[in-house]
Chemist: 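Before we start, here is the structure in question, set down as structure tokens.
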Amino acid sequence: MSDKGANSNGTNDDEAPDESEQALDGGRPVRNPDDELHTLYDEVIASDGYGDDPGDGVHRDTSTADRSDRASKAEEAGNDYDDDDDDIFGEDPSEFDMADAYDTQLVDRQNRADGENGDSDYDDLPDEFVEAGDEVFRQLQLRLGEAAPQPRLSATRRAVEMLGDPHRAYPIIHITGTNGKTSTSRLTESILRAYGLRTGLFTSPHLERLNERIMIDGRPISNEALAENWADIQPYLELVDAELEGTGEPRLTFFEALSVLAFASFAEAPIDVAVIEVGMGGEWDSTNVADGQVAVFTPISLDHTARLGNTVAEIARTKSGIVKPAAQVITSRQVPEVLAELQRAAELTESTFAAEGSAFSLLSTSVAVGGQVISIKGLAGTYRDVFLPLYGDHQAQNAAVAVAAVESFLGGGSTAIVEDVLIEAFATVTAPGRLQLIGTEPTVLVDAAHNPGGALALAAALKEYFSFDKIVAVISVLADKDADGIIRALEPVVSEFIVTQSSSERAINADELASIVVGIAGADRVVFELDPREAANLARDSASESDTGAVLVTGSITLVGEIITLAGDEGWKP
């Protein structure tokens, strides 16, 4: 069965280029580094789980499914159904011996994925559950949208309580910030998975399909599992809806219901550890019903000011709400007022605190074919000359934060990550929609930068990692974003802007955006095309006029997702 998810008819463009070397027109070549890196897995281990018995792992009972029925089925199949998590973490998770665990729990990642999600030989077969998966997204869309989050935790907490608290069935690394949350989450998850841990990853928003948001062991949740888990939790959501409406409150929102679905799906899988990205803010975000053993903060700047506050200190105060008692706090470099708020939250909760620049740091980064080579000083170890197939110094800094987060989670910050594990984790990590190559002849890159901070990081990466002599940007921006700041950040590196409007109801009117762009870049550098697909094709034609031209699609995650789908439909990559 295919693992393509609900909510789009597009294809998956997350994979690296097929050839070992493939030139970016006018830029540096991109290649898959796997053939040069030390391979972790010398043998294929056929077991489908952890320990000696297939299925033996960390999981606890929840009410999202009949656990006794699953135990009976496992017993009939000759498997040892074990709800005891001591086989992974020992009596004390802080005593987890990473090196021994790595030696004893190596499993072939693809073999396990094949066993659960369908053998790779059959990936091209139709997914008979696509319609059921699409129906989940359709029902979620009937709820109050993500643009209007409710500043409350009580509704989500009530729903997970009714389900038996599935969010307490596994430890959690909780990640918030303004920029870099998703990339840091994916980097963190990749390291944990390289250790042989079965992971859950919850991120938002999605680019093409809803299933992207709920990843299990490195793959989007299948349509079958998505639909089954939704059917399990829907009656409980309806009960909570009725209670809320009875007291005059809005029923569960899109994101509240989706968060409950993610927690339940992870418990049902089951998983060993979840990496959870905050939707918005932190304190009242629905993901905050869970208690993260590690609270991670990526760079915090102004964004969502109407919801989170008008200063970076106010925003940091809201985001610091994810710090729970006796947690381990990891933060990237922050401006002083933000750092002060995070330190205050750590002190109030008696949590440990580790900041980039003092407790850990990015030592160096150098441009390499297909990405960069980085060196990191972590909390417990130093990791030199590790290849990272992502572009931009900001991604190297995200990697340093991820390393510190994993060191904190697995060894309390006192045990270094096994070198080969980190090599494998970084070599195979992907960051869809983050300077992602989706087309050649001409080169087409997409980047989900949607605020000035993200746009500045994007502009810096384009100058440092590529040598294009012409960049044509296709851009759309949501109405609640700082369009002026985004355009000013991109203007120095963009030759021509093609202004369009994504399908999002929140997209700024294209005429209004064009006026902003003309005011900054000048009328001679701006083209208007309302249809995003036509805009992308105009950009490709314009970029092709130069031997080293490229197209950049940015400003809106919705726009990026639409163009990724278009690239797949039209075969922009050979």
Chemist: Can you find a heavy atom in the side chain of Arg213 that is under 4.5 Å from one in the side chain of Pro205?
Modeler: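 Of all side-chain heavy-atom pairs linking Pro205 with Arg213, at least one is under 4.5 Å.
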
Chemist: Using 4.0 Å as the upper bound for N to carboxylate O, is an ion pair formed by Asp482 and Arg488?
Modeler: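 No, no charged N to carboxylate O under 4.0 Å.
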
Chemist: Is there a side-chain contact between Leu490 and Thr554 (heavy atoms, below 4.5 Å)?
Modeler: yes

Chemist: Within the structure provided, determine whether Phe255 and Asp285 are in side-chain contact (heavy-atom separation under 4.5 Å).
Modeler: yes

Chemist: Name the one of Ile438, Val446, Val560, Leu207 that satisfies side chain to side chain contact (heavy atoms under 4.5 Å, CB included) with Pro432?
Modeler: Leu207

Chemist: Is there a side-chain contact between Ser504 and Leu478 (heavy atoms, below 4.5 Å)?
Modeler: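 Sidechains of Leu478 and Ser504: in contact.
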
Chemist: Tell me which pairs pass salt bridge (charged side-chain N to carboxylate O under 4.0 Å, His left out) where either residue lies in residues 511-526, with sequence neighbours left out.
Modeler: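 Output for this query lists Glu491-Arg525.
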
Chemist: For Ala380, does its backbone N or O pair with a side-chain atom of Glu407 as donor and acceptor, under 3.5 Å?
Modeler: yes

Chemist: Would you name the heavy atoms of Ala405 and Ile330 that are closest together and state the gap between them?
Modeler: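 Looking at all heavy atoms of both residues, the closest pair is CA-CG1, 4.1 Å.
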
Chemist: Would a distance-only check, ignoring hydrogens and angles, find a side-chain to backbone donor-acceptor pair under 3.5 Å from Ser364 to Ile374?
Modeler: no

Chemist: Will you find, in the side chains of Thr500 and Glu529, an N or O donor that is under 3.5 Å from an N or O acceptor?
Modeler: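 There is no such pair between these side chains.
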
Chemist: Closest approach of Leu445 and Thr443, non-hydrogen atoms and distance?
Modeler: CG-CG2, 4.0 Å

Chemist: Does a salt bridge link Arg198 with Asp272, judged by any charged N lying under 4.0 Å from a carboxylate O?
Modeler: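 No, this pair does not count.
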
Chemist: Does any N or O in the side chain of Arg506 come within less than 3.5 Å of the main-chain N or O of Asp480, such that one atom is a donor and the other an acceptor?
Modeler: no

Chemist: Quiz question: by atom type and distance under 3.5 Å, do the side chains of Thr548 and Asp469 form a donor-acceptor pair?
Modeler: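 Indeed, the side chains of Thr548 and Asp469 share at least one donor-acceptor pair under 3.5 Å.
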
Chemist: Please list all pairs meeting salt bridge (charged side-chain N to carboxylate O under 4.0 Å, His left out) that have one or both residues in residues 355-373, counting only residues at least two apart or in different chains.
Modeler: Arg333-Glu356

Chemist: Evaluate Asp547 against Lys470 for salt bridge (Lys or Arg N to Asp or Glu O under 4.0 Å), listing each step before the verdict.
Modeler: CA-CA 9 Å; Asp547 291 337; Lys470 181 180 184 180; over 6 Å; no

Chemist: Please assess Thr203 against Leu201 for the test side chain to side chain contact (heavy atoms under 4.5 Å, CB included), listing each intermediate value before the final yes or no.
Modeler: CA-CA 6 Å; Thr203 59; Leu201 175 65; 3.8 Å; yes

Chemist: Does the ring centre of Phe466 sit less than 6.0 Å away from the ring centre of Tyr391?
Modeler: yes

Chemist: Under a plain distance cut-off of 3.5 Å, with no hydrogens placed, do Thr365 and Gln372 share a side-chain donor-acceptor pair?
Modeler: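 The answer is yes; a qualifying pair exists.
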
Chemist: Under a 3.5 Å cutoff, is there a donor and acceptor pairing between the side chains of Thr565 and Glu562?
Modeler: no

Chemist: Run the side-chain hydrogen bond (donor to acceptor under 3.5 Å, both in side chains) test on Asn537 and Glu534 for me, step by step, so that the C-alpha distance in whole Å, both residues' side-chain angles and the decisive distance to 0.1 Å come before the verdict.
Modeler: CA-CA 5 Å; Asn537 284 316; Glu534 288 299 320; 4.9 Å; no

Chemist: For this output row, return yes or no: ring centroids of His174 and Phe202 closer than 6.0 angstrom.
Modeler: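 His174 vs Phe202: aromatic centres not under 6.0 Å.
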
Chemist: Can you find a pair of side-chain heavy atoms, one from His394 and one from Asn179, that are under 4.5 Å apart?
Modeler: no

Chemist: Identify the two heavy atoms, one from Trp572 and one from Ala536, that lie closest to each other, and give their separation to 0.1 Å.
Modeler: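 Answer, listing the atom of Trp572 first, then Ala536: CH2-CB, 3.9 Å.
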
Chemist: Before accepting this row, confirm whether a basic side-chain N of the pair Glu441/Arg540 lies closer than 4.0 Å to the acidic partner's carboxylate O.
Modeler: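 No, Glu441 and Arg540 are not salt-bridged.
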
